[in-house]
Each structure stands twice: as C-alpha cells, then as structure tokens.
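Numbering of residues begins at 1 and proceeds along the displayed sequence.
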Amino acid sequence: ELISPEAFLSPDPALHVTLSHLRAHFPLAALTNNPHEIGVRCLRALGIGALFDTVTGLDDSGESKPSWGPFQHALTQLHVPVNGVLMIGDRYDVDLEPVICRGGGAILVETREDVSRIPDVVGERYALPGRR
C-alpha cells in the first residue's frame, strides 16, 4: 500500500508500440518479484497494462524469480508449455535461465534500443508479417 509506482513511472509510447506489435501475434505475461497489484499498477503507469493477458506477482506463486513457481504460474495462466514461450528480460540468471534450462526461448534486453528491436528479432525467428 505504501509503494507508489505512479509517482515514478509515466507512459512510454515506444514501449507501447513494441508490445502492441508482439501482442498482435502472441499472448503476453508479466512476471515480477513485487506483489501482483504493484506489478499491475506499474504496467498501468507505463501505459501498457491492457496489453498483458496475465500478471504474476510474488503473492501469486509464493516464490520469487528465479524459482520456477512464478514461471509455472504464468504458463498455467496462458495455457502454454514452456517450450512454447519466449521470455524477455533484463537479467539472465533471474529472468531467462530458468526458462532456457527447461526448453523455452529467451531474449536478453540491456538497453532501450534492445527493447525496440524485439519485434525484428522475433520476426526473424517466427516470420511475422511486415518483419524481416
């Protein structure tokens, strides 16, 4: 109740464009080590909340990433097997490694430019319309 992401975050039009393109082709889930409601509020503050099919927070699975619980919770919500997902995150050991070790795909993002290039990287792999 004391955490106020809205005081620190504002809509990010470039992020909205990137995620909208992905959302047109794939369901999206957000995983956070914060409580569920804080994750939802962060996404709303960034102007991207409506793009996500599900949000998994610490209180949803009772575990923090990199434990498998949050990942499994999100997979269950999406009705997708781990080998059918592409995890995007900024920390290899916390966000990506658990998925990779179980047969899923992953993209490490380290800069804003990396984020904006995600649809092109995904398009190369999955032959999305309008992408290389």
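Counting heavy atoms from C-beta outward, Leu86 and Phe26 have side chains that stay 4.5 Å or more apart. Residues Asn33 and Leu58 form no side-chain contact, since every pair of their non-hydrogen atoms from C-beta on lies 4.5 Å or further apart. At a threshold of 4.5 Å between non-hydrogen side-chain atoms, the residues Val55 and Leu31 do not count as touching. With a 4.5 Å cut-off on side-chain heavy atoms, Glu37 and Ile3 do not count as touching. Looking at heavy atoms from C-beta onward, His21 lies out of side-chain contact with Leu19 at the 4.5 angstrom threshold. For the pair Leu51 and His16, the minimum side-chain heavy-atom distance is below 4.5 Å. Considering only heavy atoms from C-beta on, Ile38 stays 4.5 Å or farther from Val40 through its side chain.
The CD1 atom of Ile100 sits 11.5 Å away from the CZ atom of Arg102 when rounded to the nearest 0.5 Å. To the nearest 0.5 Å, atom CG of residue Leu43 and atom CD1 of residue Ile48 are 5.0 Å apart. From Leu78, atom CG reaches atom CG of Leu28 across 8.5 Å, with rounding to the nearest 0.5 Å. Summarising the geometry, atom CD belonging to Gln77 is positioned 6.0 Å from atom OG1 belonging to Thr56; distances are rounded to the nearest 0.5 Å.
Between the side chain of Asp59 and the main chain of His36, a donor-acceptor pair closer than 3.5 Å is present. When atom types are taken as modelled, the side chain of Asn34 and the backbone of Gly39 share no donor-acceptor pair closer than 3.5 angstrom. Counting only distance, with no hydrogens or angles, the side chain of Glu63 and the backbone of Gly69 share a donor-acceptor pair below 3.5 Å.
Hydrophobic cluster membership is shared by Tyr92 and Trp68, with clusters built from Ile, Leu, Val, Met, Phe, Trp and Tyr side chains linked at under 4.5 angstrom. Linking ILVMFWY side-chain heavy atoms closer than 4.5 Å, directly or via other members, places Val94 and Met87 in two distinct hydrophobic clusters. Follow the hydrophobic side-chain contacts under 4.5 Å out from Val82 and you reach Leu108 in the same cluster.
Summarising the geometry of Gly89 relative to Leu96, their closest heavy-atom pair is N-CD2, 3.6 Å, with the distance given to 0.1 Å. A pairwise comparison of heavy atoms in Ser116 and Thr18 identifies CA-OG1, 3.7 Å as the closest pair. For the pair Ser4 and Arg41, the tightest heavy-atom approach, listed with the atom from each and the gap, is CA-NH2, 3.7 Å. The shortest non-hydrogen separation linking Ser67 to Pro70 is O-CD, 3.1 Å.
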Show your working on salt bridge (charged side-chain N to carboxylate O under 4.0 Å, His left out) between Lys65 and Asp93 and close with a plain yes or no.
CA-CA 9 Å; Lys65 300 178 293 176; Asp93 58 333; over 6 Å; no

Verdict with supporting geometry, Val122 and Ile107, side chain to side chain contact (heavy atoms under 4.5 Å, CB included):
CA-CA 9 Å; Val122 172; Ile107 296 175; 3.9 Å; yes

Would you sort out whether Asp120 and Arg117 count as a salt bridge (charged side-chain N to carboxylate O under 4.0 Å, His left out), showing the intermediate values?
CA-CA 5 Å; Asp120 290 328; Arg117 290 193 340 249; over 6 Å; no

Carefully, step by step, assess Cys42 and Thr32 under the rule side chain to side chain contact (heavy atoms under 4.5 Å, CB included).
CA-CA 10 Å; Cys42 287; Thr32 178; over 6 Å; no

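Side-chain contact, His73 with Asp60: no donor N or O sits under 3.5 Å from an acceptor N or O.
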